[in-house]
Chemist: 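Shown below is the structure under consideration.
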Amino acid sequence: MTYTATAEPTTTQAPTHAPAPAPAPGGVARSPALAGLPEVSCPRELSTGEARQLTRVFFDRLRSLEPGTREHQYVRNTLIEMNVALVNFAARPFRDRPGGPENEDIVQVGIIGLIKAIDRYDPDRNTQFTTLALPYITGEIKRHFRDTTWAVRVPRRLQELRSQLAKATEELTAATDHAPSHAELADHLDLTEDEVREGLVAANGYSTQSLDAPQDSAVGTEAHRAGRATRTLAETMGETDHALEAVEDLHALTPLLAELDERSSRILEMRFGQELTQAQIGAEIGLSQMHVSRLLTRTLGHLREELLHD
């Protein structure tokens with residue numbers, strides 16, 4: 001009997017007679033070691049019932065073959081092809097995750113887990129192959145997400161903590177109808193608040209956004225509708241204002257300036273307010289440039305000493 005792609009039947013019937021050996025390149029199908037195996041022309045297109053039935057048959061034959069032989073490789077490869085549907089089923093919840101790999105990449109990673117399950121499956125334990133295969137496939141996909149999808153590499157402990165915090169946040173929000181605090185998350189997960197904060201900070205490394213990306217906001221949408229260019233994220237970010245560093249010094253300097261005599265205050269105002277030269281100041285108040293220089297030096301030294309003293 002030859003197995004080809006069909007719609008999944010409501011009931012699965014066993015072959016009524018021994019099928020011909022499966023064709024394979026290089027004369028493998030003519031090997032006596034493969035005598036009696038059903039012919040599977042399109043392993044990936046079998047129905048679920050057919051794949052489950054043939055998997056048992058091929059596993060029984062696989063354990064009787066010597067590893068490394070061409071016959072063993074043929075049966076093992078056919079098992080992989082017949083059970084790719086398990087990979088597609090296990091990969092379904094992981095598709096279209098933000099920042100995740102393409103669907104085809106997820107399937108390829110899942111096939112690695114399928115191969116590991118095939119190499120470790122023991123038919124003598126009387127368990128369904130799917131019982132072993134699905135955890136292997138899912139685990140391999142999760143490991144791939146953990147190792148490759150983070151924009152910033154963080155320890156595995158923090159990666160797992162991020163998942164726990166996300167799940168706990170969802171549960172507590174549904175139960176309390178408000179976003180949980182750090183204390184509530186810590187109590188729910190039996191952690192300290194510092195550990196919760198560390199996990200939340202680490203979660204920021206999961207994905208990144210380009211500084212050149214358009215701003216995704218209501219303002220950006222309105223600007224787009226009005227025909228104006230949407231601002232990028234970099235254009236909405238502030239810059240360091242170095243003038244703010246002088247605010248505290250100016251605040252401390254104000255009472256000291258009020259204590260100066262009239263002439264010293266006037267000289268400071270003309271020098272730093274009007275930006276006059278020492279010679280111009282001297283001509284204005286009737287003093288020599290040298291005298292103005294000494295007065296400025298003495299006044300500035302007094303102010304500096306008082307500021308440092310405070």
Chemist: I'd like to check the side-chain hydrogen bond (donor to acceptor under 3.5 Å, both in side chains) partners of D190; sequence neighbours left out, ordered by chain and number.
Modeler: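 side-chain hydrogen bond (donor to acceptor under 3.5 Å, both in side chains) list for D190, sorted by chain: empty.
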Chemist: Show me the donor-acceptor pairs, under 3.5 Å and distance only, between side chains in residues 106-114 and residues at least two apart or in other chains.
Modeler:
{"unit_1": "Q108", "atom_1": "NE2", "unit_2": "E104", "atom_2": "OE2", "d": "2.9"}

Chemist: With sequence neighbours left out, write down each residue that passes side-chain hydrogen bond (donor to acceptor under 3.5 Å, both in side chains) with D119, or none if nothing qualifies.
Modeler: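 side-chain hydrogen bond (donor to acceptor under 3.5 Å, both in side chains) check on D119 returns R76.
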Chemist: Mind checking side-chain hydrogen bond (donor to acceptor under 3.5 Å, both in side chains) for R157 and listing every partner two or more places apart, or none if nothing turns up?
Modeler: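 Listed in chain order: E198.
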Chemist: Tell me who clusters with L244, hydrophobic residues only, linked when side chains sit under 4.5 Å apart either directly or through other members.
Modeler: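 Members other than L244 - counting any ILVMFWY side chain reachable under 4.5 Å - are V247.
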Chemist: Listed by chain and number, what are the salt bridge (charged side-chain N to carboxylate O under 4.0 Å, His left out) partners of E81, not counting sequence neighbours?
Modeler: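 Only R44 meet the salt bridge (charged side-chain N to carboxylate O under 4.0 Å, His left out) criterion with E81.
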Chemist: Using the side chain to side chain donor-acceptor pair (under 3.5 Å) rule, collect all pairs that involve residues 162-175, keeping only residues at least two apart or in two chains.
Modeler: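 Counting only pairs at least two positions apart or across chains, the side chain to side chain donor-acceptor pair (under 3.5 Å) contacts touching residues 162-175 are E171-H188.
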Chemist: Hey, could you give me each pair passing side chain to side chain donor-acceptor pair (under 3.5 Å) that has a residue in residues 255-267? Not counting sequence neighbours.
Modeler: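 Side chain to side chain donor-acceptor pair (under 3.5 Å) check on residues 255-267 returns D261-S264.
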Chemist: Run the salt bridge (charged side-chain N to carboxylate O under 4.0 Å, His left out) test against K142 and tell me which residues pass, sequence neighbours left out.
Modeler: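 Listed in chain order: nothing, the list is empty.
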Chemist: Does anything in residues 272-291 form a side chain to side chain donor-acceptor pair (under 3.5 Å)? List the pairs, not counting sequence neighbours.
Modeler: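 Applying side chain to side chain donor-acceptor pair (under 3.5 Å) to every pair that reaches into residues 272-291, excluding sequence neighbours, yields E269-Q274, T277-Q280, Q278-Q289.
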Chemist: Checking R298 now: which residues fulfil salt bridge (charged side-chain N to carboxylate O under 4.0 Å, His left out) with it, not counting sequence neighbours?
Modeler: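 Expected list: none.
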Chemist: Please list, chain by chain and in numerical order, all residues satisfying salt bridge (charged side-chain N to carboxylate O under 4.0 Å, His left out) with R197, sequence neighbours excluded.
Modeler: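 By the salt bridge (charged side-chain N to carboxylate O under 4.0 Å, His left out) rule, R197 matches E193, D194.
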